[in-house]
Structures are given as structure tokens and as C-alpha cells.
Protein chains: 2
Amino acid sequence: MPSNIVPSNIPDIVIGRLPIYLRALTRLEQEGREVTSSHELGQRLGISSAQIRKDLSHFGGFGKQGTGYQISYLIDQLKQVLKIDREWDVALVGAGDLGHAVANYRGFSDRGFRIVAVFDNDSAKIGQAVGKLTVRAFSEMEAFVREHNIKVAMIAVPAQNAQDVADQLIKAGVRAILNYAPISLNVPTGVYVQYIDPVVHLQRMTYYLD
Amino acid sequence: MPSNIVPSNIPDIVIGRLPIYLRALTRLEQEGREVTSSHELGQRLGISSAQIRKDLSHFGGFGKQGTGYQISYLIDQLKQVLKIDREWDVALVGAGDLGHAVANYRGFSDRGFRIVAVFDNDSAKIGQAVGKLTVRAFSEMEAFVREHNIKVAMIAVPAQNAQDVADQLIKAGVRAILNYAPISLNVPTGVYVQYIDPVVHLQRMTYYLD
DNA sequence: AACTGTGAAGTTTTTCACAGCC
DNA sequence: GGCTGTGAAAAACTTCACAGTT
């Protein structure tokens, strides 16, 4: 009974919306709600109800006709789809202002991620505390990442160092990189990169202003 | 000679790529390059050359056949299109860890944005220094934003306060919001929101991991 | 009565491929 | 020979609208 077949061709754009749905569902649950509908969810998110239904239908029937979706069940299912029904260990590279802010951000742990190490190449920073962690030498990174089988990393170093850091992370086995440096990374297939560049977001909006 | 007509129906997805092009072009310029091609740019960004050409063609012919694009000229043109051929004053709301990191981020000023005020409602924080700025009381926000005609703001407060903050910013005249809080905002038409939620980006990648 | 799941229709976005220019 | 700009074709994505279920 092949019930655990992974549907192989889900559009990436659909995957990208699932975390948004999950976030909204978690919020609904916190508000004490037990059931919701594609319509309600869509209203909150500014997305059409049809789109939400179609997105979810890629993974099976999570809802009940006439009733809607049971929130806790849908949350569990989405977590499973996104593979955050487990906790991912994450390496953080860069212990500057940005690295500190990322390391101290409380929002990771309850959503599937745990920063387990911080690396920097500045000898003045090595050994310093960052949150509950101690900054490790950049030279130890590859061995550490490999040894702990870390697959997810965040890059918070200056743009000029980001590609080097990415190359080393990938060499050590990292497969998913969240890049805070304002530069596009070249990575081999099978490695995934997401970008956080606040200026890009701002520039995207000013186009629409007078 | 109506040369300054604004092409009215450019897809948003195209607008969203322009800041990426701009970032790559700026980097090429820093490397001392003077000319590039849609092919080269595409390689660097992992985007097809045809797409880059088509995107740019929405705004006029920026390139030369046989030659490519003159980098400094294209940068100027893109800045104009994105309306960052000027400097936008930005209000920052929230002076916690995240607010501090945002305020201290060096990358805004040379890319069109300047943080001119930081607001928080925690009386322990009001009056404190954040970078070169002093934290102002949240109660002064509306008047300040209105008086200085601020159109762009960043929200770095806890999720539970984000909608309230957004409402007040909008009331004061803000039209573009970069929201760091992990929650979807409801805003009227004519107001633009972009989101930065690192966890959403991470969750989007783990789907593809084993 | 309310709501899902889904083929089919409609729309948007991307890619193709080539004429035209340097 | 190399490259842009662009119609036309292809692919991807969203919405429609409704049968079917609770």
C-alpha cells in the first residue's frame, strides 16, 4: 500500500504558500478556533478561496465538504508536507549585528528550526557569547557541519564573503541556505537558496508610490 | 512629446525582479565592468536571458543590439523606474533586538532609503539611542509621520501589535510597509506590504530536503 | 445550507526563435 | 558574430463553476 508516495510535481509556487497558510492557521488556533474554511483563510491572507483549496488538494483531501478544515489536523498535515514535523538544526554564519539579531530571534524554535552553532572568522568575536551559543571559528565550520549532519544554514556575512561561505557550507553537506547578504549565490542543483534583502522589498514597493 | 508616460500595466512580477537586476548590475559596476548582456546577467542570477530582455523591454530599449547594456546607464534607468533616483525617508517601529539590527544595517542608505525615526511604546526604551537615532514614543508617531510626509515604514514589533501599528501608520499617510512581524496584515488598496519572515523562507526549503 | 475538491476555462508568465541592428 | 527587442507559441498558474458530501 504505497500511501507515502511523495507527489512529485507540486509547483514551487504552491510550496511557497504553504508556510503562509500554516502561519495563519497557527494564529487561528491560538485564537481558540477549531475549524476554518478556505474562504475565511483566504480573506485573512488576501488569497482566493479557490486557490487555497486547489493548493491543499495537491496533497490530499484535508477538508470536509460542508464543514471546512479542522485546524489542528490541517496544521499537522502541512507540517508533515513541509517536513517540519521534526526540528532542523541550523548553522548560522556571521556574528555581526545581523548575526546577533538572527541568533536572538525567538521565532525559530517553535516553528521547526534550532540554531545550533554560530561561526565567524573575526578572531575578536570567536569565543564570545551570542545568545546561548558561543561563536566558533570559521575554520571549524566544515567539520562541525559535517559531523552534526547539518542541512540548513543561514548566511549573515558581508556580501563579498557570502559566496565563499556558501561554497564551504555546501561542501560540508548543507542543502538549504537562507542568505541575508545582498547578493545572488551560485549553487549546484539540489541546493536551495532563499534570500532576505530588505532593500529589495522596499524597492519593489516604491515603484507604486507617486 | 509625451516621453514621460508611465507604462500603466507592468506585471508586478516584473517589478519584483527589477531590484534583483539592479543589485547584480551594481555589483558588476563595482567589479569595474562597463557593459553586460542579458545572457551574462541571466547566468549570474539563474534567470533566462529572454526573460531579462523582455522585462527590460517593458520600459523601453535600454540595450544596443550586438553590444548589450551599458551598466551605468541601465542602473540609472532602473533607479528611475523604481523611483529610487531619490532618497525615501523611512520610519522604523520597534526598538527591540530586531529593530536595533534593522536600524544599524548599513545597506539602506546607498540604495535609496534612510531611516529617519525609530518608535517604540516601551517607556524604558524611549530616549535610548539606536544607532544615530533616539527612540521616540509611539504616541508621537502619527504626528511625526504626517509632518515629515513619510510614505515608507518598517514594522519590527511583536506579531500581536503589528496590525495596530500598521493601522496607525496608514492613518498617518504611510503607503508602503515592510513587515518583519510574522503575521499577514490587512491593508486598504493603495497601500503596499512586503513581508520578511525568515521561518517562512526556511520552511519553503525543507520541503525539498530528504 | 455550507463547503470541499476538481475538471475546464481563462489569464498570466515564460520561452522560443528570429528579424534587425551594431 | 553577437546581441537586443518582440511577436508568436508554449507552459504555468489562477479562477470559475458545479457535482458531490456532510
Side-chain angles (χ1 to χ4, degrees), chain A residues 3 5 7-21 24-25 28 33-78 81 204 207-208, chain B residues 3 5 7-21 24-25 28 33-78 81 204 207-208:
Chain A
S3 74
I5 45 164
S8 48
N9 257 335
I10 314 288
D12 180 62
I13 197 163
V14 172
I15 303 302
R17 281 190 293 261
L18 300 185
I20 310 289
Y21 299 163
L25 288 163
L28 278 166
R33 302 285 308 283
E34 296 198 340
V35 170
T36 188
S37 66
S38 59
H39 182 74
E40 179 181 46
L41 208 48
Q43 286 238 248
R44 292 218 178 191
L45 297 176
I47 292 179
S48 81
S49 60
Q51 175 145 91
I52 291 174
R53 290 200 303 281
K54 186 152 287 242
D55 283 353
L56 296 178
S57 76
H58 281 104
F59 307 95
F62 294 151
K64 273 204 178 55
Q65 286 150 322
T67 310
Y69 300 90
Q70 206 209 317
I71 292 172
S72 63
Y73 175 71
L74 186 49
I75 287 174
D76 282 352
Q77 293 298 308
L78 287 181
V81 167
R204 185 176 181 159
Y207 172 79
Y208 296 101
Chain B
S3 72
I5 45 165
S8 48
N9 256 337
I10 314 289
D12 179 61
I13 196 162
V14 172
I15 302 303
R17 281 191 292 261
L18 300 186
I20 310 289
Y21 299 163
L25 289 163
L28 279 165
R33 302 286 307 284
E34 296 198 339
V35 171
T36 188
S37 66
S38 61
H39 182 74
E40 178 181 47
L41 207 48
Q43 286 238 247
R44 292 217 177 192
L45 297 176
I47 292 178
S48 80
S49 60
Q51 176 148 89
I52 292 174
R53 290 200 302 281
K54 184 151 289 234
D55 284 353
L56 296 179
S57 76
H58 281 104
F59 307 95
F62 294 151
K64 274 203 178 56
Q65 286 149 322
T67 309
Y69 300 91
Q70 206 210 318
I71 292 171
S72 63
Y73 175 71
L74 185 49
I75 287 175
D76 282 353
Q77 293 299 308
L78 287 181
V81 167
R204 184 178 181 157
Y207 172 79
Y208 296 101

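First the proteins, then the strands, lettered A, B, ... as listed; each starts at 1.
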Can you list everything that forms a side-chain hydrogen bond (donor to acceptor under 3.5 Å, both in side chains) with [X]? Sequence neighbours excluded, please.
X       : result
B:Ser37 : none
A:Ser72 : A:Gln70
B:Tyr73 : none
B:Gln77 : none

When the distance from [atom1] of [X] to [atom2] of [N] is rounded to whole Å, what number comes out?
X       : N      : atom1 : atom2 : value
B:Leu74 : D:dC3  : CG    : P     : 16 Å
A:Gln51 : C:dG10 : CD    : C1'   : 14 Å
B:Ile71 : D:dT4  : CD1   : P     : 12 Å
A:Asp12 : D:dC13 : CG    : P     : 8 Å
B:Tyr73 : D:dT4  : OH    : P     : 15 Å
B:Ile52 : C:dT15 : CD1   : P     : 11 Å
A:Leu56 : D:dT14 : CG    : P     : 13 Å
A:Leu45 : D:dT14 : CG    : P     : 14 Å

So does A:Tyr69 get a side-chain nitrogen or oxygen closer than 4.0 Å to the phosphate oxygens (OP1/OP2) of C:dG5?
-> yes
B:Ser48 side chain near C:dT15 phosphate (N/O to OP1/OP2, under 4.0 Å) = yes
Under a 4.5 Å cut-off applied to non-hydrogen side-chain atoms, are A:Tyr207 and B:Val14 in contact?
-> no
Could you check if a side-chain atom of A:Leu56 sits within less than 4.5 angstrom of a side-chain atom of A:Tyr69, using non-hydrogen atoms only?
-> yes
Salt bridge (Lys or Arg N to Asp or Glu O under 4.0 Å) partners for A:Arg53, two or more places apart = none
Pairs involving residues 54-78 of chain B, ordered by first then second residue, that meet salt bridge (Lys or Arg N to Asp or Glu O under 4.0 Å) (sequence neighbours left out) | B:Arg17-B:Asp55
In a check of side-chain contact (heavy atoms from CB on, under 4.5 Å) between A:Arg204 and each of B:Leu18, B:Ile20, B:Asp12, which one passes?
-> B:Asp12
In B/S/- notation (B base, S sugar-phosphate only, - none; protein heavy atoms under 4.0 Å), nucleotides 16-22 of chain D written 5' to 3' is BB--BBB
Given A:Leu41 and A:Ile47, is the side chain to side chain contact (heavy atoms under 4.5 Å, CB included) satisfied, shown in steps?
-> CA-CA 8 Å; A:Leu41 208 48; A:Ile47 292 179; over 6 Å; no
Identify whether any heavy atom of A:Ile13 sits under 4.0 Å from a base atom; if not, whether one sits that close to sugar-phosphate; answer base, sugar-phosphate or nothing.
-> sugar-phosphate
Near-strand residues of residues 34-43 of chain B, defined as heavy-atom separation under 4.0 angstrom from DNA chain D | B:Ser37, B:Ser38
Given Watson-Crick and G-U pairs under 3.5 Å, DNA chain C in dot-bracket ([ ] crossing, | other strand) is ||||||||||||||||||||||
Could you give me the CA-CA distance, side-chain angles and deciding distance for A:Tyr208 and B:Ile15, then say whether side chain to side chain contact (heavy atoms under 4.5 Å, CB included) is met?
-> CA-CA 10 Å; A:Tyr208 296 101; B:Ile15 302 303; 3.7 Å; yes
